[in-house]
Amino acid sequence: MTISVIQGLPRWTLAVPPLAFIVLLVTWGRDLNTVLLILVCLGLGAAVIAAVHHAEVVAHRVGEPYGTLILALAVTIIEVALIVTLMASGGEKAASLARDTVFAAVMITCNGILGLAVVVGSLRHRVQEFRVQASYSALTVMTALVTLSLVLPTFTTSAPGPRFSSAQLAFAGVTSLVMYGVFVFVQTIRHRDYFLPVRSDGDVDDDEDHHAAAPSGRTALLSLGLLFVCLIAVVGLAKTVSPKLESAVESAGAPLAVVGVVIALLVLLPETVAAVRAALRNRLQTSVNLALGSALASIGLTIPAIAVASIWLSGPLVLGLDGKEMVLFALTVVTALLTLATGRATLLQGAVHLAVFSAFLFLAVSP
């Protein structure tokens with residue numbers, strides 16, 4: 001490997017992905033003792049940090065909004081693979097895993113990531129600006145997708161319980177995929193300027209990091225490959241610790257839905273760190289793109305994938321939200337509408353989102 005290939009990439013970012021993958025191979029399918037559990041946790045944390053770095057390298061090369069889209073798609077594809085794997089091996093206990101994980105991803109992105117980015121950015125820059133057109137477009141699609149995929153199953157009568165019939169599930173899957181595809185087209189081609197960061201003078205900033213030279217194409221490709229290695233390691237290591245997690249949840253008397261929440265938290269760690277770092281650089285539009293884009297990718301790709309996987313999955317598939325979760329979703333939508341209405345965000349708005357997120361976490365543990 002020549003020096004030009006690794007120019008701009010610190011050595012630790014080259015070493016962490018293969019090391020994390022080796023940890024995954026060594027611990028896969030094994031009953032973790034204390035030493036292995038610590039090793040898995042260290043590998044998981046290091047892989048998350050390296051994934052964020054490589055995602056930012058790729059984003060710098062391709063520019064916005066493609067960079068955030070790449071990270072959101074990569075994370076969601078791996079998340080879908082994890083959900084299907086756990087559902088295939090979990091039987092009846094995993095019937096609601098897809099619902100719990102997707103809904104947790106929506107609450108984490110729309111309240112946790114967005115709220116944390118606004119709070120951190122506001123503490124440094126007081127008031128941050130973003131483009132209303134982009135934010136409202138993403139929020140509109142997200143609201144429709146959640147309602148059609150996770151709310152309606154509770155009220156349909158073709159299948160017992162909060163479930164879709166086969167035809168309804170197929171319709172929801174196709175609709176989700178089409179709506180997400182249209183959103184990506186609008187974000188990257190038709191109205192790409194809507195999703196670009198805003199400069200302090202209010203104009204569109206088409207240069208993500210104008211103070212630094214963009215990495216070479218070979219460096220960006222290397223980072224893209226290492227990003228996928230990191231994400232595979234993150235999801236694989238998360239699955240490795242999931243038995244310990246399930247045991248801890250059962251011992252604590254908490255509902256199994258907590259497992260879906262923890263899975264979503266682990267998988268979305270790279271996007272959380274990337275969104276916070278963007279907000280610290282006064283680029284809240286990038287943080288909003290990451291938060292809402294991740295929510296859209298999670299629903300728009302997970303539901304079609306689960307619809308296809310349900311052909312081979314033997315257990316039931318529970319998608320409908322209960323009353324408590326519907327209230328939290330409605331509150332999230334209203335809060336996001338008010339936050340995104342003016343194109344300017346302050347500390348107070350971020351604190352409200354974090355309060356809603358805290359309520360979601362508390363009620364997940366103590367329903």
Side-chain angles (χ1 to χ4, degrees), residues 5-6 8-25 27-28 39-83 85 101 104-105 108-109 112-113 116-117 120 208-209 215 218-242 262-281 283 286-287 289-295 297-298 301-302:
V5 174
I6 64 173
L9 295 179
R11 293 185 183 276
W12 69 267
T13 65
L14 300 172
V16 164
L19 288 176
F21 194 76
I22 290 173
V23 171
L24 173 61
L25 292 178
T27 58
W28 185 263
L39 185 62
V40 168
C41 292
L42 290 176
L44 183 60
V48 166
I49 297 173
V52 172
H53 179 87
H54 289 299
E56 290 186 338
V57 172
V58 175
H60 188 186
R61 175 65 184 179
V62 302
E64 286 296 325
Y66 301 104
T68 55
L69 179 63
I70 288 172
L71 180 58
L73 284 173
V75 169
T76 305
I77 290 171
I78 305 297
E79 176 188 350
V80 168
L82 176 60
I83 292 174
T85 301
T101 305
I108 292 168
T109 53
I113 296 179
L116 186 60
V120 170
E208 172 67 12
D209 285 304
R218 296 176 69 184
T219 301
L221 285 175
L222 177 61
S223 282
L224 182 61
L226 291 175
L227 170 62
F228 274 96
V229 173
C230 288
L231 293 175
I232 292 172
V234 168
V235 175
L237 293 173
K239 184 181 185 300
T240 300
V241 301
S242 63
V262 175
I263 289 174
L265 284 169
L266 292 173
V267 173
L268 289 170
L269 267 177
E271 291 165 305
T272 303
V273 177
V276 170
R277 293 180 66 174
L280 288 173
R281 298 196 304 269
R283 305 182 77 81
T286 300
S287 302
N289 290 348
L290 273 168
L292 297 181
S294 298
S298 181
L301 297 179
T302 300

Got Leu42 and Val23 here, is their nearest side-chain heavy-atom distance under 4.5 Å?
no
Would a 4.5 Å heavy-atom cut-off, applied to side chains only, mark Leu292 and Thr109 as touching?
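No, too far: nothing below the 4.5 Å cut-off.
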Can you tell me how far the [atom1] atom of [X] sits from the [atom2] atom of [Y], to the nearest 0.5 Å?
X	Y	atom1	atom2	result
Leu224	Thr219	CG	OG1	12.5 Å
Leu226	Leu14	CG	CG	6.5 Å
Ile113	Thr272	CD1	OG1	3.5 Å
Leu44	Leu39	CG	CG	11.0 Å

Would the distance check show the side chain of Ser294 and the main-chain N or O of Leu290 forming a donor-acceptor pair, the cut-off being under 3.5 Å?
yes
To check you understand the geometry: which heavy-atom pair defines the closest contact between [X] and [Y], and what is its length?
X	Y	result
Leu268	Ala105	CD1-CA, 3.9 Å
Gly43	Leu237	C-CD1, 3.7 Å
Leu24	Gly236	CD1-C, 3.4 Å
Leu227	Ala51	CD1-O, 3.5 Å
Cys230	Ala47	CB-O, 3.7 Å
Ala233	Ala20	CB-CB, 3.8 Å

Run the side chain to side chain donor-acceptor pair (under 3.5 Å) test against Ser223 and tell me which residues pass, sequence neighbours left out.
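Here the qualifying residues are His54.
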Hey, mind stepping through Val234 and Leu269 against side-chain contact (heavy atoms from CB on, under 4.5 Å) and telling me if it holds?
CA-CA 9 Å; Val234 168; Leu269 267 177; over 6 Å; no
